Peer 1: 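For reference, the structure I am asking about is given below.
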Amino acid sequence: MEEQTFAAAVVRVAYFFLPAYLANMAPVLIGGAWPALARPLDGGRMLGGRRILGDHKTWRGLLAGIAVGVLVFEAQVLLHRLGLLHRLAAVDYGSALPLLPGFLLGLGAGVGDAIKSFFKRRRDIAPGASWIGFDQLDFMAGAYLLVLPLYALPLLPTLVLLPAVFAGSLVVSATGYWLGLKEAWI
Ligand code: CTP
Ligand code: MG
């Protein structure tokens, strides 16, 4: 039997965006690996006297996020094929295109994060300095929009999920700081 409650819909949307959530953590978790890829996405270029994105947005972080997005989505597909976690499915994982949904969720998370950095630089907020609200939700907005051509997730459960995403991002960030992975606690 399908669960029809609104709370169940929110949980299913959370499960759907798990690849994006973990993709957003990938740049921090990859640490100093692959130093050759640690080049800034903006190539050091400036716009109006400020960096376009800044040194904290690297190819390494973007590619790590895409890889994690693909791996986690494909793991969800595999679980579905094994007959597991069907109650958590907001979409039909059985008929999902190979690789593309995870790619779009990971890329969307990274692009959303980078666009947020673009606006931080315009507002003279230094790389790594906090921009509360935007730092925590940027990746969800990007992932939602990039995966939209494949999957139109219900908007209301997605919006209701945002406070939990916000709180979860703060906890993850503080944990990363405590573990010495991040410069700032927020
Ligand atoms: N990171 C990266 N490449 C990316 C995104 C993130 O290398 N495309 C790494 C950087 O080391 C960054 C860390 O992950 O410092 C945390 O990412 P995030 O919090 O998104 O960036 P900020 O350090 O806050 O930088 P900004 O002010 O530009 O958002
Ligand atoms: Mg940050």
Side-chain angles (χ1 to χ4, degrees), residues 13-14 16-75 99-148 158-159 161-186:
V13 169
F16 177 79
F17 282 107
L18 191 63
Y21 192 79
L22 296 175
N24 186 52
M25 290 165 61
V28 175
L29 293 177
I30 197 171
W34 299 89
L37 288 174
R39 284 193 296 257
L41 290 169
D42 67 9
R45 280 183 281 275
M46 314 280 284
L47 180 73
R50 303 178 182 95
R51 282 286 293 276
I52 298 177
L53 300 175
D55 277 334
H56 286 197
K57 298 294 116 116
T58 67
W59 287 102
R60 174 172 66 189
L62 183 67
L63 294 173
I66 292 171
V68 167
V70 168
L71 284 174
V72 175
F73 189 86
E74 293 306 318
L99 306 180
L100 187 61
F103 174 83
L104 292 174
L105 286 167
L107 179 67
V111 168
D113 178 47
I115 290 175
K116 181 263 339 242
S117 291
F118 174 82
F119 288 108
K120 279 173 91 171
R121 299 302 87 82
R122 308 286 73 73
R123 298 171 69 92
D124 264 333
I125 303 173
S130 168
W131 193 22
I132 198 86
F134 299 94
D135 280 324
Q136 290 74 29
L137 300 175
D138 50 9
F139 75 94
M140 273 291 288
Y144 187 91
L145 290 175
L146 258 70
V147 87
L148 200 55
T158 307
L159 292 174
L161 181 64
L162 293 183
V165 171
F166 176 79
S169 297
L170 289 182
V171 171
V172 166
S173 181
T175 307
Y177 173 72
W178 182 64
L179 292 173
L181 296 170
K182 283 201 74 202
E183 295 165 23
W185 77 270
I186 200 169

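Since the structure is predicted, the reported quantities are computational estimates derived from the model, not experimental observations. Every number for a ligand or one of its atoms is a count from 1 in the order of the listing.
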Peer 1: Describe, in one word, how the ring planes of Phe17 and Tyr144 are oriented to each other, choosing from parallel (under 30°), tilted (30 to 60°) and perpendicular (over 60°).
Peer 2: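 Phe17 and Tyr144: parallel rings.
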Peer 1: Given that the side chain starts at C-beta and the backbone is N, CA, C, O, which of these parts of Arg60 lies under 4.0 Å from ligand 1, counting heavy atoms, or is it both or neither?
Peer 2: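 Contact part for Arg60 vs ligand 1: neither.
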Peer 1: For ligand 1, which atoms have a heavy atom of Asp113 less than 4.0 angstrom away?
Peer 2: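 Close to Asp113: 5 (C), 20 (O).
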Peer 1: Less than 4.0 Å is my threshold; does some heavy atom of Pro127 fall inside it relative to ligand 1?
Peer 2: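 It does; at least one heavy atom falls under 4.0 Å.
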Peer 1: Assess Glu183 for proximity to ligand 1: is some non-hydrogen atom of it under 4.0 Å away?
Peer 2: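 It does not; every heavy atom stays at 4.0 Å or beyond.
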Peer 1: Would you kindly specify which portion of Thr58 sits under 4.0 Å from ligand 1, judged on non-hydrogen atoms: side chain, backbone, both or neither?
Peer 2: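 It is both parts that get close, each with some atom under 4.0 Å.
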Peer 1: Hey, are the side chains of Phe139 and Val111 touching, using non-hydrogen atoms and a 4.5 Å cut-off?
Peer 2: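 When only atoms from C-beta onward are counted, Val111 and Phe139 do not touch, as no gap falls below 4.5 Å.
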Peer 1: Ala129 to ligand 1: N or O pair under 3.5 Å?
Peer 2: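 Looking only at distances, the answer is no, because the N/O contact criterion of under 3.5 Å is not met.
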Peer 1: Enter the distance from Ile125:CD1 to Phe119:CZ here, rounded to the nearest 0.5 Å.
Peer 2: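 Between atom CD1 of Ile125 and atom CZ of Phe119 there are 12.0 Å.
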Peer 1: How about Trp131: does its CH2 atom have over 12 heavy atoms from other parts shown lying under 6.0 Å from it?
Peer 2: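 Buried by this count: over 12 neighbours within 6.0 Å.
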Peer 1: Side chain, backbone, both or neither: which applies to Ala126 and ligand 1 if a contact is any heavy-atom pair less than 4.0 Å apart?
Peer 2: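 Just the backbone.
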Peer 1: For atom 12 (C) of ligand 1, which of His56, Arg51, Arg39, Lys182 has the closest heavy atom?
Peer 2: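 Considering heavy atoms of His56, Arg51, Arg39, Lys182, the nearest to atom 12 (C) of ligand 1 sits in His56.
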Peer 1: Donor-acceptor pair, distance only, cut-off 3.5 Å: does the side chain of Arg51 make one with the backbone of Phe118?
Peer 2: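 Between the backbone of Phe118 and the side chain of Arg51 there is no qualifying donor-acceptor contact (under 3.5 Å).
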